[in-house]
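All remarks here apply to the structure that follows.
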Amino acid sequence: MNQIFSFYLLLFPTLLFAQKVETKFVIGRGKFIFDKESYLIQKKKAFEAIKSQRKSDSINSLNNGTSSTFISCGIADYPKFDSITGKFKHKLIENVKISPKTKFGENIFCLVLDKKGKILKFYSEKTADKKVFRQVKNMVLSKEYDKWQPADFYGVKVGYIFKFKLIIAKNFENYSLKNEWARSNDSNYNEFKNT
C-alpha cells in the first residue's frame, strides 16, 4: 500500500504541471502598399467622394425641405488565402513540425503580396527558432500556398504586407493573442502626395 501511495505521490506533481506544447497563430498589424497607379486611382475615387459629399451638403444647406445623404460603401478588404485566411492558419499549424529541440517563443513573419495577390517576398521580423522559420518559408513560398486574393483598399487593388505570428509555448500568458488587422492609415499612401 505504501508503494502505491508513494507512486501516486510522485506521479501527481508530474501530471499536474506537465503541459502540452502548442502553436498559436496570431495576425499582426500589416500594411497596405500602393504603387503609383493604385495611388492615382485611389486619389481620383477620393476626389469623387468629396465632390458627392459637397453636393449633398449643398442640397442640405438650401433649407427647402429636402435633404440628401451621402453614403460611401467602400471598405478596406484584406488579402485572403484561398478565399478565407483561416485556411492559411490551419495549414501552417498542421504542417509546422515541433520537436523536443524546438525553441519556444514568438516568431513574427511577413508575407509581401502584390496587387494581384502574388507573393513577392517572405521575411522574419523576429525568430525564436530558425528551423521554424525555414519550415514556414518553404511552405509559404511553395505553389500550394500561392492562392492569395489581393487586398482591396476602398475599391482599388493594392499590395499588402501580411504580418503573422507563430507562437510556440506551453503557457501563453506573456503573449498577446489578439489579432491586429491593418487600419486604413497603415499604408504608404502619403508617400505619393508630393509626386
Side-chain angles (χ1 to χ4, degrees), residues 23-52 72-97 105-168 176-195:
T23 303
K24 299 281 186 184
F25 179 95
V26 179
I27 294 173
R29 196 162 166 186
K31 183 176 179 180
F32 293 98
I33 306 296
F34 285 84
D35 60 9
K36 182 76 171 176
E37 179 186 14
S38 57
Y39 167 77
L40 292 172
I41 294 169
Q42 178 58 35
K43 184 177 176 181
K44 182 179 177 186
K45 285 181 172 263
F47 179 74
E48 289 169 1
I50 290 169
K51 219 165 79 172
S52 294
S72 174
C73 297
I75 59 168
D77 199 12
Y78 308 101
K80 294 177 187 77
F81 174 75
D82 200 13
S83 79
I84 186 164
T85 307
K87 285 183 183 180
F88 179 72
K89 167 189 169 179
H90 295 299
K91 282 183 89 144
L92 272 182
I93 289 175
E94 283 175 12
N95 292 309
V96 170
K97 306 294 183 233
E106 185 175 58
N107 299 277
I108 303 174
F109 304 121
C110 295
L111 188 60
V112 181
L113 303 165
D114 70 9
K115 64 184 182 179
K116 293 179 183 176
K118 296 293 174 203
I119 298 169
L120 297 177
K121 184 178 174 182
F122 176 80
Y123 62 94
S124 174
E125 285 188 354
K126 181 179 179 184
T127 306
D129 189 301
K130 290 181 181 180
K131 288 182 182 177
V132 170
F133 169 75
R134 284 192 295 272
Q135 285 184 63
V136 172
K137 182 178 180 179
N138 290 337
M139 280 186 273
V140 166
L141 296 178
S142 72
K143 289 266 188 218
E144 184 181 358
Y145 283 80
D146 196 17
K147 300 175 184 177
W148 288 90
Q149 294 173 7
D152 188 300
F153 192 86
Y154 299 94
V156 179
K157 300 288 184 214
V158 295
Y160 191 81
I161 298 175
F162 182 76
K163 187 184 289 192
F164 62 96
K165 303 174 191 177
L166 278 183
I167 304 168
I168 301 166
S176 171
L177 299 178
K178 182 181 177 191
N179 289 329
E180 299 180 57
W181 287 99
R183 298 180 186 120
S184 58
N185 60 338
D186 293 325
S187 74
N188 66 335
Y189 183 83
N190 289 330
E191 293 173 17
F192 291 97
K193 283 195 172 182
N194 297 328
T195 60

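One is the number of the first residue; the rest follow in order along the sequence.
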I'd like to know whether V112 forms a side-chain contact (heavy atoms from CB on, under 4.5 Å) with I33, so could you lay out the CA-CA distance, the side-chain angles of the two residues, the decisive distance to 0.1 Å, and finally the verdict. CA-CA 9 Å; V112 181; I33 306 296; 5.6 Å; no
Run the side-chain contact (heavy atoms from CB on, under 4.5 Å) test on V26 and K178 for me, step by step, so that the C-alpha distance in whole Å, both residues' side-chain angles and the decisive distance to 0.1 Å come before the verdict. CA-CA 7 Å; V26 179; K178 182 181 177 191; 5.8 Å; no
task = Show the numbers, then the answer: is there a side-chain contact (heavy atoms from CB on, under 4.5 Å) between I41 and F153?
result = CA-CA 11 Å; I41 294 169; F153 192 86; over 6 Å; no
### D129 vs I168, side-chain contact (heavy atoms from CB on, under 4.5 Å): CA-CA, chis, key distance, verdict
CA-CA 9 Å; D129 189 301; I168 301 166; 5.8 Å; no
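Taking the six-membered ring where the residue is Trp, the centroids of W148 and Y160 are separated by 6.0 Å or more. You'll find the ring centres of F81 and F162 outside the 6.0 Å limit. Annotation: F133 is in aromatic contact with F122 [ring centroid separation under 6.0 Å].
The two residues P150 and G117 have their closest heavy-atom pair at CB-N, 3.7 Å. The two residues S187 and S184 come nearest to each other via the heavy atoms OG-O, 3.9 Å. In this structure, A151 and G159 approach most closely via the heavy-atom pair CB-O, 4.3 Å.
In this structure, CD in E125 is found 11.0 Å from CZ in F109, a value given to the nearest 0.5 Å. If you take OG on S38 and CZ on F192, they are separated by 6.5 Å, rounding to the nearest 0.5 Å. The distance from the OG1 atom of T23 to the CG atom of N107 is 9.0 Å, given to the nearest 0.5 Å. To the nearest 0.5 Å, atom CD1 of residue I119 and atom CG of residue L113 are 6.5 Å apart. If you take NZ on K165 and NZ on K24, they are separated by 14.0 Å, rounding to the nearest 0.5 Å. In this structure, NZ on K131 lies 9.5 Å from CD on Q135, to the nearest 0.5 angstrom.
Counting heavy atoms from C-beta outward, E37 and K115 have side chains that approach closer than 4.5 Å. Using a 4.5 Å heavy-atom cutoff, the side chains of L177 and I167 are in contact. Inter-residue side-chain proximity for L92 and V140 is flagged as met; some heavy-atom pair is nearer than 4.5 Å. With contacts defined as side-chain heavy-atom distances shorter than 4.5 Å, the pair K163/C110 qualifies.
Screening Y78, Y154, Y189 against F32 for a ring-ring contact (aromatic ring centres under 6.0 Å, His included) leaves a single residue, Y78.
For R29, the CZ atom sits in a packed shell: over 12 heavy atoms of surrounding residues, nucleotides or ligands are nearer than 6.0 Å. Heavy atoms of other residues, nucleotides or ligands lying less than 6.0 angstrom from NZ of K137 number 12 at most.
At least one donor-acceptor pair closer than 3.5 Å links the side chain of N188 to the backbone N or O of F34.
The side-chain hydrogen bond (donor to acceptor under 3.5 Å, both in side chains) test applied to K157 returns D152, not counting sequence neighbours.
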